[in-house]
Amino acid sequence: ILEQVAQQLGQFPWQERFLAIVHNCVPRYDSEHKSWFVQDSAGSYLPLRSDDKNWELLAYSGGHPVALVAEWDGQHLRPLSVMAEHFSLL
């Protein structure tokens, strides 16, 4: 995602938000730091924007990998839609 954002910024330096599709990611909550993130199978992660709906995202995923359609603002992902094996949620 970050490489794609860098390319996009090279072409449109005024762009502030970017569409991101993250495949096979698992939503996680870090209770020690009180922060949300999505983690891929390689262990890399991107932070999620703090939002009460993140609990719903975790519940829909069931702790399993999902595809997440989100908006990246340079610091956090803002989930827009989640697609799991048997459903999608807009």
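Just so it is clear, the model here is predicted, and its values are computed rather than measured. Residue numbers start at 1 and run along the sequence shown.
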Looking only at non-hydrogen atoms, find the nearest pair between [X] and [Y] and report the distance.
X: Pro27; Y: Leu58; answer: O-CD1, 3.4 Å
X: Gly63; Y: Val26; answer: O-CG1, 3.6 Å
X: Ser61; Y: Val66; answer: CB-CG1, 3.7 Å
X: Leu57; Y: Pro79; answer: CD2-CG, 4.0 Å

Taking atom [atom1] of [X] and atom [atom2] of [Y], what is their separation to the nearest 0.5 Å?
X: Arg49; Y: Asn54; atom1: CZ; atom2: CG; result: 8.5 Å
X: Glu71; Y: Asp73; atom1: CD; atom2: CG; result: 7.0 Å
X: Trp72; Y: Leu19; atom1: CH2; atom2: CG; result: 13.5 Å
X: His23; Y: Ser41; atom1: NE2; atom2: OG; result: 12.5 Å

Can you label the angle between the Trp36 ring and the Tyr29 ring as parallel, tilted or perpendicular, going by 30° and 60°?
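The arrangement is tilted - the two ring planes meet at 30° to 60°.
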Could Asp51 and Lys53 be called an ion pair, given the rule that one side-chain N must be under 4.0 Å from one carboxylate O?
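The answer is no: the pair does not qualify as a salt bridge.
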Does some side-chain heavy atom of Leu48 sit less than 4.5 Å from a side-chain heavy atom of Leu68?
yes
Mind checking whether Val82 and Leu46 sit in one hydrophobic cluster, side chains of I, L, V, M, F, W, Y counted as touching below 4.5 Å?
yes
